[in-house]
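Inspection log for the structure reproduced underneath, given as structure tokens.
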Amino acid sequence: MFSIDVIVEGLGKWCDVILVFAVAFCFYLPNIWISTIVLLTLLAIRAFYSYNEWYKRPKNRLLYKIGDSDVALVTGGSHGLGLELVKQLLVQGVSRVYVIDVSAPEVDDPRVFYYSCDVGQEADLKRTIATIIRTLTDENKNISILINNAGVRNNGALLHISDKKIHDIFNINTFSQIWILRAVLSHHIDNILPKNPSKRLSVVSLSSVLGSLAPKNLSVYSATKAAIYSIHESLIQEVSHLPQIRILLVAPGQLTTTMFSDVKPSKAFLAPLVDHSDLARRIVDKIDTGDTGVVAYPFYANFLPAIRVLPMSIQQMCRWFSEMDEKVGDDKS
Ligand SMILES: *[C@@H]1O[C@H](CO)[C@@H](O)[C@H](O)[C@H]1NC(C)=O
Ligand SMILES: *[C@@H]1O[C@H](CO)[C@@H](O)[C@H](O)[C@H]1NC(C)=O
């Protein structure tokens, strides 16, 4: 489908060719000062872009390449984006993938180990994580890729959702990520790094564009995703002295999974649906290069956090234009 993302991706791919033409064009500008200013601006933008790419990457990329020494843990890995992530990791040759979910993944691969667990049940979840870490330690292996992906959605006006539903969704979408992060990161820092200082740990947390702009009747879901943003930002600083730990936040727009399949997308040119297997491939690529930072797709998702700083009347106009507040019904349960 044709969208602004197709254009942006094309520009990205050809950016150096376009730059050469733009530089050549500068010599035809009528005034030497204008030429110089345009030329320097273009080169400065290009140089900054490269610097930023370099900045997000580890200084020794070979240490971070996905391979057969990697063991991954994926929550919610039995369907949708989680299942695609599991498949992509297997394609990249990881030695094992642990899947935590309420139903088993439909993949036929001896490298997949399934643990049945509702991540919203704190005690069960903590027990399952401890079991996985213990099993791995006994075999002298360790988790090197952690993907906190499990999540559920619920609709409803804040005043109509039941207390139980609010607790449930926070437990699944937010608290589960916190418990897993704490268990896996502290095990890695206290037990793995002292013996094996170059052992990497890639952490991926699934948030959503709705974490930076909440639609009507989706307040609680959006809040669970906004919390993931904050944890990501602060955690990067908390472990910044450990370059072995790579932290990625994923903030996708509407995916082609079933979770939001009842929501009819609008403005497909600006906000195309994100193909979830394509997104899984991009995430696994970022794990492979060892990037730290935010992966936001599609293109518009990179700018959503900026809407909040606009004047209220303009924010309201953006919301009206996107029709975002007319999409989600009120389940009244
Ligand atoms: C972590 O796993 C690697 C194999 O990938 C192993 O060489 C190393 O000893 C393990 N470290 C610990 C502390 O178990
Ligand atoms: C959102 O909830 C309100 C309050 O219950 C309801 O009146 C409205 O119709 C809902 N929005 C949509 C798009 O269904």
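As the structure lists them, so they are numbered: ligands from 1, and atoms in each ligand from 1. Not measured: the values here are computed from a predicted model.
Against a heavy-atom cut-off of under 4.0 Å, H160 is close to the following atoms of ligand 2: 5 (O). Under a 4.0 Å criterion applied to the non-hydrogen atoms of K199, ligand 1 contributes the atoms 5 (O). Every atom of ligand 1 is numbered from 1 in the order shown, and the set under 4.0 Å from a heavy atom of S69 is 5 (O). Each of the following atoms of ligand 1 lies closer than 4.0 Å to a heavy atom of I192: 12 (C), 13 (C). Heavy-atom contacts of G329 reach the following atoms of ligand 2: 12 (C), 14 (O) (cutoff under 4.0 Å).
Backbone and side-chain nitrogen or oxygen atoms of K195 are examined, and none is located within less than 3.5 angstrom of a nitrogen or oxygen of ligand 1. Considering backbone and side-chain N/O atoms, A157 never comes within less than 3.5 Å of an N/O atom of ligand 2. An N or O contact shorter than 3.5 Å links N142 to ligand 1 by distance.
At a threshold of 4.0 Å, the pair R282-D285 does not count as salt-bridged, since none of the basic side-chain nitrogens sits closer than that to a carboxylate oxygen. Ion pairing between a basic and an acidic side chain is recognised when a charged N comes within 4.0 Å of a carboxylate O; D16 and R46 show such pairing. Remark: K164 engages D168 in a salt bridge, criterion side-chain N to carboxylate O under 4.0 Å.
Across K216, Q316, R319, a single residue satisfies side chain to side chain donor-acceptor pair (under 3.5 Å) together with D325, and that is R319. The only member of L185, L181, V204 that meets side-chain contact (heavy atoms from CB on, under 4.5 Å) when paired with L146 is L181.
At least one heavy atom of N191 sits closer than 4.0 Å to an atom of ligand 1.
Looking from atom 6 (C) of ligand 1 to the surrounding protein, the closest heavy atom is N140 O, 3.5 Å.
Atom 8 (C) of ligand 2 has its nearest heavy-atom neighbour, among N155, L159, N217, in N217.
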Show me the donor-acceptor pairs, under 3.5 Å and distance only, between side chains in residues 90-97 and residues at least two apart or in other chains.
| unit_1 | atom_1 | unit_2 | atom_2 | d |
| --- | --- | --- | --- | --- |
| S95 | OG | D70 | O | 3.0 |
| R96 | NH1 | Y98 | OH | 2.9 |
| R96 | NH1 | E139 | OE2 | 3.4 |
| R96 | NH2 | E139 | OE1 | 2.6 |

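One side chain, D275 or S277, offers a donor N or O that lies under 3.5 Å from an acceptor on the other.
For the pair T292 (side chain) and I247 (backbone), a donor-acceptor distance under 3.5 Å is present.
Contact annotation: for N196 versus ligand 1, heavy atoms closer than 4.0 Å belong to the side chain alone.
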